[in-house]
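The structure appears right after this line, and notes come after that.
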Amino acid sequence: MDILSIQNYSVSYDGLHSAVDSVSLNVARGEIVSIVGESGSGKSTLLHGILGLLPSGAAARGSLRLFGEELSQMSAGARRAMCGSRVSMIFQDTGRYMNPIARIGAQYNEFLRIHGVKDARRRRDLQREMLLKLHLTDRERVLHSYPFELSGGMRQRVGIAMAMSLQPELLLADEPTSALDVTVQAQVIRQMMELRQNYGTAIVLVTHNIGVAAYLSDRIGVMQRGRLVELGPAAEVIERPRHAYTRSLLDAVVEINDERLIARHG
Ligand SMILES: Nc1ncnc2c1ncn2[C@@H]1O[C@H](COP(=O)(O)OP(=O)(O)O)[C@@H](O)[C@H]1O
Ligand SMILES: [Mg+2]
């Protein structure tokens, strides 16, 4: 059974234009699918739809099934229970979703408690273990800090640590590393791959970095103006793109590399 099954799914914010237009995508257990595409192509809207995070004025059509259950028919309570434990989400600025007036350690502890980690010592160990995995070495200071006392990159890593703590079956990540510097980015990518390897977590990753997508994913989907215009095995999409738009995305990467070459040698 597919963990996530999307059929002819469309979203409109204004009732006139489709931000997501008839998208169909199935994600199997343990599979990593990257979604690339330019800004405004509907990537975030798609992920928000999966988590039931669309604003109240938005209208969605089509079918969205998680673990075989139609999302629109689930109760709010059942959905809440699923989010955080079976399904986790990482945003580009996860730090923004933290409580500004509670220390990191207290928030993290509460997050683990409400998601069923009953043993206080286990919660304590889990926090430290996850922060270490994300290379937050000064862990006691981090846990005793308020969100504003950390850099944006550190807050983001704490958010990623939290999202990964409960070994979700599905991780939805919306440009999770774009605000991080390159070494930390690589660390987060490795951590995602480890999560899949160790726990069979399926991942849907939205990224504008087609290099990251190629490195990490089993399949790559390309979105343009709300439509999923290309979807296939990563190597195939990179080596033999079918759609002109995918080719233009790949050409842009080559151009950036060329510029670097020129800068280095010129
Ligand atoms: N909350 C919103 N209200 C109205 N329009 C929105 C909202 N969020 C996104 N949009 C519009 O929907 C389209 C898709 O946006 P988005 O899903 O954010 O794309 P991406 O994540 O690929 O950059 C864009 O035209 C954007 O302006
Ligand atoms: Mg977006």
Side-chain angles (χ1 to χ4, degrees), residues 4 6-25 27 32-64 66 71-72 76 79 83 87-98 152-153 155-157 159-160 163 170-180 185 188-189 192 203-214 216-217 219-232 234 237-238 241 243-253 256:
L4 173 65
I6 303 171
Q7 298 301 325
N8 288 318
Y9 184 70
S10 301
V11 177
S12 178
Y13 288 104
D14 58 8
L16 293 170
H17 312 92
S18 296
V20 169
D21 191 357
S22 308
V23 167
S24 295
L25 169 70
V27 179
I32 301 182
V33 179
S34 289
I35 309 281
V36 300
E38 66 193 6
S39 176
S41 57
K43 307 180 300 293
S44 296
T45 302
L46 181 64
L47 289 199
H48 291 164
I50 297 170
L51 275 184
L53 294 177
L54 293 173
S56 54
R61 278 184 293 121
S63 165
L64 253 180
L66 267 175
L71 211 65
S72 59
R79 217 184 249 202
C83 289
V87 183
S88 265
M89 177 112 181
I90 316 172
F91 302 94
Q92 189 173 342
D93 53 351
T94 292
R96 218 179 45 162
Y97 297 84
M98 287 177 182
R155 270 201 305 268
Q156 181 67 352
R157 274 183 281 168
I160 293 169
L170 175 65
L171 178 69
L172 304 171
D174 192 355
E175 309 212 13
T177 63
S178 52
L180 301 174
Q185 260 187 38
V188 171
I189 299 299
M192 290 208 230
I203 300 172
V204 178
L205 171 73
V206 165
T207 175
H208 59 255
N209 188 332
I210 208 164
V212 165
L216 182 74
S217 0
R219 285 190 297 156
I220 295 178
V222 180
M223 281 188 80
Q224 182 191 28
R225 281 187 247 115
R227 294 188 151 261
L228 192 60
V229 293
E230 180 143 359
L231 176 68
V237 171
I238 298 292
H243 201 278
Y245 179 66
T246 311
R247 279 196 291 276
S248 72
L249 285 180
L250 287 164
D251 287 347
V253 176
I256 291 166

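We're numbering straight along the sequence, starting at 1. What you are looking at is a predicted structure, and each value in this text was computed from that prediction instead of being measured. Read the numbers this way: they start at 1 and go in the same order the structure lists the ligands and their atoms.
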*Backbone N or O of H17 within a donor-acceptor pair of the S12 side chain at under 3.5 Å?*
yes
*Taking S24 for its side chain and N8 for its backbone only, find out whether a donor-acceptor pair lies under 3.5 Å.*
yes
*Kindly write out the residues that satisfy side-chain hydrogen bond (donor to acceptor under 3.5 Å, both in side chains) with Q92, not counting sequence neighbours, or none if the list is empty.*
S178
*Identify, with sequence neighbours excluded, every residue that meets side-chain hydrogen bond (donor to acceptor under 3.5 Å, both in side chains) alongside S44.*
D174
*Output the distance between atom CG (L47) and atom CE (M89), rounded to the nearest 0.5 Å.*
4.5 Å
*Would you give the length of the straight line joining atom CG of L228 to atom CG of L46, rounded to the nearest 0.5 angstrom?*
8.0 Å
For ligand 1, which of its N or O atoms have a protein N or O partner closer than 3.5 Å, and how long is each gap?
unit_1: ligand 1; atom_1: 8 (N); unit_2: Y13; atom_2: OH; d: 3.4
unit_1: ligand 1; atom_1: 17 (O); unit_2: T45; atom_2: N; d: 2.9
unit_1: ligand 1; atom_1: 17 (O); unit_2: T45; atom_2: OG1; d: 2.5
unit_1: ligand 1; atom_1: 19 (O); unit_2: G42; atom_2: N; d: 3.1
unit_1: ligand 1; atom_1: 21 (O); unit_2: S44; atom_2: N; d: 2.9
unit_1: ligand 1; atom_1: 21 (O); unit_2: S44; atom_2: OG; d: 2.8
unit_1: ligand 1; atom_1: 22 (O); unit_2: S41; atom_2: N; d: 3.2
unit_1: ligand 1; atom_1: 22 (O); unit_2: S41; atom_2: OG; d: 3.4
unit_1: ligand 1; atom_1: 22 (O); unit_2: G42; atom_2: N; d: 3.1
unit_1: ligand 1; atom_1: 22 (O); unit_2: K43; atom_2: N; d: 3.0
unit_1: ligand 1; atom_1: 22 (O); unit_2: K43; atom_2: NZ; d: 2.8
unit_1: ligand 1; atom_1: 23 (O); unit_2: G40; atom_2: N; d: 2.7

_Return all protein N, O or S atoms below 2.8 Å from the Mg ion (ligand 2), chain by chain in residue order._
S44 OG
*Enclosure of R247 CZ (heavy-atom neighbours >12, cutoff 6.0 Å)*: yes
_Does R79 have more than 12 heavy atoms from other residues, nucleotides or ligands lying within 6.0 Å of its CZ?_
yes
*Do the rings of Y97 and F91 sit parallel, tilted or perpendicular, given the 30° and 60° boundaries?*
parallel
